[in-house]
Amino acid sequence: LVAAAPSLASRRLTAGLTVAQADSEFDLTAVAAKRAARTEAGDVAISLTDVSKVYSIRGSGFRSTPFTAVDEVSFDIKRGTTMALVGESGSGKSTVAKMLLGLEKVTSGSIHIDGQNVSALNAKQLFALRGRMQPVFQDPYGSLDPLRNIANTIAEPLVTHHFGNRAERTARVRELLEQVSLPWSISSRYPGELSGGQRQRVAIARALALKPDIVVLDEAVSALDVLVQAQILQLLAELQSELSLTYLFITHDLAVVRVIADEVCVMNQGKIVEAGTTSSIFENPREQYTKNLLDAIPGANIRLGV
């Protein structure tokens with residue numbers, strides 16, 4: 001349990017390396033350097049430029065008050081890397097994810113995926129884009145349909161996007177279960193019969209069904225205990241290495257960010273207050289808000305997980 005707990009002393013996970021096994025040889029700087037060598041300069045998968053989201057909050061009578069949930073947010077995510085978007089609850093992280101996925105409309109600014117402006121896409125183009133960009137949600141108990149068995153749950157995106165025939169979809173589901181280290185025997189079970197960690201693996205398998213380039217993980221490990229969390233984080237690192245996935249990892253837990261992210265953007269009240277590589281944010285935070293988030297990590301002064 002102690003070895004599995006992520007902390008300020010933890011190092012960036014890589015394929016084949018567990019949290020308990022990580023050491024200074026595999027720190028973020030080395031991993032980032034190797035990945036930069038494989039990624040062409042300027043090869044940006046996701047680009048947000050001055051993105052804002054303003055809601056109208058209904059008041060008394062016919063009056064409404066504008067509320068700015070996201071305020072001129074800008075960042076780029078290079079292909080095959082992980083960007084962590086961190087901040088306290090209500091800072092606007094999930095709203096950014098919803099706009100990226102096309103679930104919310106951008107009030108101002110632009111979001112580009114591989115050079116395509118998401119706001120300018122028609123319904124058919126947006127549907128095609130969603131096949132290449134999939135979410136994994138926080139709650140493995142609420143994000144799966146309790147009335148669908150595991151095979152049908154994972155196959156749902158394949159059916160929606162008209163992938164192959166029944167035999168081809170079954171073969172793909174079998175492949176996905178193997179990728180997330182789950183046995184085929186659970187395919188006929190229902191979500192209520194699985195543990196939290198197994199459900200989250202199923203959610204990840206479903207997200208990977210259409211072989212996406214981008215995965216948006218919204219608090220994907222925060223509901224799990226530290227042992228299962230360590231397994232899921234290791235799985236995500238291995239899948240990224242194997243499939244060259246680009247992750248937007250949304251979380252409030254900076255200790256988890258330490259082991260999974262290459263770059264970090266810190267959000268507060270809808271704005272990005274600090275951004276940089278994971279090592280620079282952790283070792284030399286400039287903003288007091290970032291320092292407060294780091295100080296709030298349980299056991300911040302105890303070196304665990306090395």
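Values below: all heavy atoms of this structure, side chains included; hydrogens, waters and symmetry mates excluded.
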Undergrad: Tell me if a side-chain donor or acceptor on Thr160 pairs with a main-chain N or O of Glu156 at a distance below 3.5 Å.
TA: yes
Undergrad: When you measure from the side chain of Glu283 to the backbone of Ser280, do you find a donor-acceptor pair of N or O atoms at a distance under 3.5 Å?
TA: no
Undergrad: Give a yes or no on whether the backbone of Val70 and the side-chain of Thr68 come within a donor-acceptor separation of less than 3.5 Å.
TA: no
Undergrad: Would the number of heavy atoms belonging to other residues, nucleotides or ligands and lying under 6.0 Å from CD of Gln269 be above 12?
TA: no
Undergrad: To the nearest 0.5 angstrom, please state how far the CD1 atom of Ile46 sits from the CD1 atom of Ile77.
TA: 4.0 Å
Undergrad: Measuring from Arg169:CZ to His162:NE2, what's the distance to the nearest 0.5 Å?
TA: 10.0 Å
Undergrad: Do the charged groups of Arg79 and Asp114 touch, with an N to O distance under 4.0 Å?
TA: yes
Undergrad: If we ignore hydrogens and angles and just use 3.5 Å, is the side chain of Glu238 paired with the main-chain N or O of Leu235 as donor and acceptor?
TA: no
Undergrad: Does Glu274 use its side chain to pair, donor to acceptor, with the backbone of Arg286 at less than 3.5 Å?
TA: yes
Undergrad: Assess the side chains of Glu88 and His252: does a donor N or O sit below 3.5 Å from an acceptor N or O?
TA: no
Undergrad: Working note: Leu248 + Ile214, criterion side chain to side chain contact (heavy atoms under 4.5 Å, CB included); need CA distance, chi angles, decisive distance, verdict.
TA: CA-CA 8 Å; Leu248 175 61; Ile214 298 165; 5.8 Å; no
Undergrad: Would you give me the side-chain donor-acceptor pairs under 3.5 Å for residues 192-204, sequence neighbours excluded?
TA:
from	atom 1	to	atom 2	distance (Å)
Glu193	OE2	Tyr190	N	3.0
Ser195	OG	Gln198	N	3.3
Ser195	OG	Gln198	OE1	3.4
Gln198	OE1	Ser195	N	3.0
Arg199	NE	Pro191	O	2.9
Arg199	NE	Leu194	O	3.3
Arg199	NH2	Pro191	O	3.1
Gln200	NE2	Phe137	O	3.3
Gln200	NE2	Ala220	O	2.4
Arg201	NH1	Val180	O	2.8

Undergrad: Taking atom CD of Gln125 as the centre, does the number of heavy atoms from other residues, nucleotides or ligands within less than 6.0 Å exceed 12?
TA: yes
Undergrad: Quick one: list whatever passes side-chain contact (heavy atoms from CB on, under 4.5 Å) with Arg130, sequence neighbours left out.
TA: Leu103, Leu126
Undergrad: Taking NZ, NE, NH1 and NH2 as the nitrogens, is one of them in Glu72 or Lys271 under 4.0 Å from a carboxylate oxygen of the other?
TA: no
Undergrad: What closest approach, in Å, do Val51 and Met99 show between heavy atoms, and which atom pair accounts for it?
TA: CG1-CE, 3.5 Å
Undergrad: Evaluate the salt bridge (charged side-chain N to carboxylate O under 4.0 Å, His left out) criterion for residues Asp218 and Lys93: first the C-alpha distance (whole Å), next the side-chain angles of each, then the deciding distance (0.1 Å), finally the verdict.
TA: CA-CA 9 Å; Asp218 191 356; Lys93 308 183 302 295; over 6 Å; no
Undergrad: As a test of understanding, state which of Val266, Leu293, Leu294, Val264 forms a side chain to side chain contact (heavy atoms under 4.5 Å, CB included) with Pro285.
TA: Leu294
Undergrad: Tell me yes or no: between the side chains of Glu263 and Thr277, is some donor less than 3.5 Å from an acceptor?
TA: no
Undergrad: Does a donor on one side chain sit under 3.5 Å from an acceptor on the other, for Gln288 and Asn292?
TA: yes
Undergrad: Could you walk me through whether Phe249 and Leu85 pass side chain to side chain contact (heavy atoms under 4.5 Å, CB included), step by step?
TA: CA-CA 6 Å; Phe249 196 93; Leu85 200 57; over 6 Å; no
Undergrad: List the atom of Leu182, the atom of Ile186, and the distance in Å for their closest heavy-atom pair.
TA: CD1-CD1, 3.7 Å
Undergrad: Could you work out, with ring pair (Phe, Tyr, Trp, His ring centres under 6.0 Å) as the rule, every residue matching Phe127, not counting sequence neighbours?
TA: His161
Undergrad: Is Arg258 close enough and on-axis enough to Phe282, meaning under 6.0 Å and within 45°, for cation-pi?
TA: yes
Undergrad: Is the side chain of Ser74 donor-acceptor paired with the backbone N or O of Asp50 at a distance under 3.5 Å, no angle test?
TA: yes
Undergrad: Kindly determine whether Ser110 and Asn117 satisfy side chain to side chain donor-acceptor pair (under 3.5 Å), including the steps that lead there.
TA: CA-CA 7 Å; Ser110 63; Asn117 189 341; 5.1 Å; no
Undergrad: Quick check against the 3.5 Å criterion: does Asn268 have a side-chain atom that pairs as donor or acceptor with the backbone of Val273?
TA: no
